[in-house]
Amino acid sequence: MIFLATLPLFWIMISASRGGHWGAWMPSTISAFEGTCVSIPCRFDFPDELRPAVVHGVWYFNSPYPKNYPPVVFKSRTQVVHESFQGRSRLLGDLGLRNCTLLLSTLSPELGGKYYFRGDLGGYNQYTFSEHSILDIVNTPNIVVPPEVVAGTEVEVSCMVPDNCPELRPELSWLGHEGLGEPTVLGRLREDEGTWVQVSLLHFVPTREANGHRLGCQAAFPNTTLQFEGYASLDVKYPPVIVEMNSSVEAIEGSHVSLLCGADSNPPPLLTWMRDGMVLREAVAESLYLDLEEVTPGEDGVYACLAENAYGQDNRTVELSVMYAPWKPTVNGTVVAIEGETVSILCSTQSNPDPILTIFKEKQILATVIYESQLQLELPAVTPEDDGEYWCVAENQYGQRATAFNLSVEFAPIILLESHCAAARDTVQCLCVVKSNPEPSVAFELPSRNVTVNETEREFVYSERSGLLLTSILTIRGQAQAPPRVICTSRNLYGTQSLELPFQGAHRLMWAKIGPVGAVVAFAILIAIVCYITQTRRKKNVTESSSFSGGDNPHVLYSPEFRISGAPDKYESEKQRLGSERRLLGLRGEPPELDLSYSHSDLGKRPTK
């Protein structure tokens, strides 16, 4: 084990004043070489009122409690000790003078551990002190090298060994110090806790060649065969020096190029390959290859190798020349524009030789330049037709590269003329096709019914977007005497547009279902129903509800079915009648349907035939 260079700067104690309490003082840690001896300085105290005639003491090993039967190191009453300490322990201090200093001889590794002292004043006046001293058995001198040894800066290296055996004194000498400097012996030094060390110093100015040098220290005890040696390798820090580098390199596109950079330093350098300030590869190593497999157009230029550590840096450059096809073009400019704005797009690349640059849209050439590295495209007052994908193509005799980019033109909604409504049996479907960017909101309004249906009501409206087109379908289910008016309104953050959707086949909405004969029958049934209702009302003297008052435009009621089977069923409670008004039925199929079946109107006050 290596002896520690520094020890705690205080004595362990539990009492601050003499004569008041039980207390003990001894070094917390003490070291000694194997085969030598060690003197553990110790003193203790007890209350003055006890005034014992004789003071006895006991030293225990590794435990302070007698009930645990710890090994007895020394016992003043009986001189009976554990076999491990027979002939190896004796008391140097005078217990009557409260000095409990212990001497251990012929040290071996198994004696290393904790040592406790117990004061015995007779009777019940016995006290085992919790304070203890830890004995460290060492067999190697401790060489202390500064945390940092830098080439060109003077350093001090010390060799320290414990000197706590009064019977044997160590002598120090340096090994392998030739060419470094002459040692200086300081002699025996006392540490703060009362322990002793022997110290020798070596001063020198290291060079980078001294890095890794093995420096030793020997402790010998005169008139004995005891000799102990310790070694330390010098870790000399120095800045990098690049010692290996390629000369200028020429290559053809597609060939393999390997660039090498090697440096010497301590600690190992961070090697970095760079080009135009951009890091290509880096690693902490003595050498670093930059492999360019099938060199490309962008790899032409000057490459730099930078070697650096905490103590300095070094760098060198190498030029690589490549004949190459154009780089993939880069596009800078407007990618989102509002209708009517001017759009400017710049396409640029690099090649050797300079390329031909062309901008296409849907295979149509919009702009081109010859032997230039940049091409500017100007689009004044963009329209929705300018929205789409564009291509910038660069080419020369070594190859061709292209880049795609998208231009998004934002504009207010446009409802296309193909929007309309169509009737089929008991269903009316209204189609509203809107062209817009960004995506608009769509609503269907039925003015005569005072109903507005938004696209968010999925049970009635089905919407689908494809590119810039949004198609919304409203489905109305129910038998109507005449096709309803439907207005489609579309809006986004740039504007709003509304269009009343024209009807296709509106005159066939009802008669296509029942035919001429069915129409005559239906008309006769209607007259009979009106007469029946009129007579029933007169008999029961029923006052008309305000919701069925006469007028040119009677209210329209929405109910799940059209049904007249007699006065009791016809006039249900007021709550049920109001609950059926303006009810939108659920989704019946795909696309969703809006049930707008009409209930009968009150014709009781009109003339009948």
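Just the heavy atoms: all of them, side chains too, but no hydrogens, waters or symmetry mates, feed the values below. Position 1 is the first residue of the sequence, and the numbers go up from there.
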Between [X] and [Y], is any side-chain donor less than 3.5 angstrom from a side-chain acceptor?
{"X": "S248", "Y": "E319", "answer": "no"}
{"X": "T349", "Y": "S373", "answer": "no"}
{"X": "D291", "Y": "S258", "answer": "yes"}

- Message: Suppose the criterion is salt bridge (charged side-chain N to carboxylate O under 4.0 Å, His left out): which pairs have a residue in residues 258-274, not counting sequence neighbours?
- Response: R208-D264
- Query: Tell me, which pairs form a salt bridge (charged side-chain N to carboxylate O under 4.0 Å, His left out) where one or both residues lie in residues 64-85, sequence neighbours left out?
  - Reply: R77-D120
So, taking the atom named [atom1] in [X] and the one named [atom2] in [Y], what distance separates them when rounded to the nearest 0.5 Å?
{"X": "T403", "Y": "K328", "atom1": "OG1", "atom2": "NZ", "result": "3.5 Å"}
{"X": "L135", "Y": "L111", "atom1": "CG", "atom2": "CG", "result": "7.5 Å"}
{"X": "L95", "Y": "C100", "atom1": "CG", "atom2": "SG", "result": "7.5 Å"}

Kindly list each side-chain donor-acceptor pair under 3.5 angstrom involving residues 211-222, sequence neighbours excluded, with atom names and distances?
{"unit_1": "N211", "atom_1": "OD1", "unit_2": "V236", "atom_2": "N", "d": "3.0"}
{"unit_1": "N211", "atom_1": "OD1", "unit_2": "N266", "atom_2": "ND2", "d": "3.1"}
{"unit_1": "H213", "atom_1": "NE2", "unit_2": "G176", "atom_2": "O", "d": "2.6"}
{"unit_1": "Q218", "atom_1": "NE2", "unit_2": "E229", "atom_2": "OE2", "d": "2.9"}

For [X], check side-chain hydrogen bond (donor to acceptor under 3.5 Å, both in side chains) against everything at least two apart and list the hits.
{"X": "E178", "answer": "none"}
{"X": "E286", "answer": "none"}
{"X": "R281", "answer": "none"}
{"X": "E299", "answer": "T296"}

- Query: Within 45° of the ring axis of F74 and under 6.0 Å from its six-membered ring centre, is that where the NZ or CZ of R90 lies?
  - Reply: no
- Message: Could you tell me if K237 sits above the aromatic ring of Y311, with its cationic atom closer than 6.0 Å to the ring centre and no more than 45 degrees from the axis?
- Response: no
Looking only at atom types and distance, does a side-chain atom of [X] sit under 3.5 Å from a main-chain N or O of [Y], one as donor and one as acceptor?
{"X": "N396", "Y": "P353", "result": "yes"}
{"X": "D163", "Y": "W196", "result": "no"}
{"X": "N139", "Y": "F228", "result": "no"}

- Message: Using the ring centroid of each side chain, check whether Y115 and H132 are separated by less than 6.0 Å.
- Response: no
- Message: Quick check on the 6.0 Å ring-centre criterion: do Y116 and Y60 meet it?
- Response: no
- Query: Are the side chains of Q374 and L346 in touch, meaning some heavy atoms are under 4.5 Å apart?
  - Reply: yes
- Name all residues meeting the ring pair (Phe, Tyr, Trp, His ring centres under 6.0 Å) criterion together with Y398; count only those two or more places apart in sequence or in a different chain, and write none if there are none. none
- Query: What pairs with F117 under ring pair (Phe, Tyr, Trp, His ring centres under 6.0 Å), at least two apart in sequence or on another chain?
  - Reply: F44, W59
- Is the closest basic N to carboxylate O distance between K114 and D136 below 4.0 Å? no
Contacts of type side chain to side chain contact (heavy atoms under 4.5 Å, CB included), residue [X], not counting sequence neighbours:
{"X": "S247", "result": "none"}
{"X": "N125", "result": "L50, L121"}
{"X": "T358", "result": "I356, F360, I365, T368"}

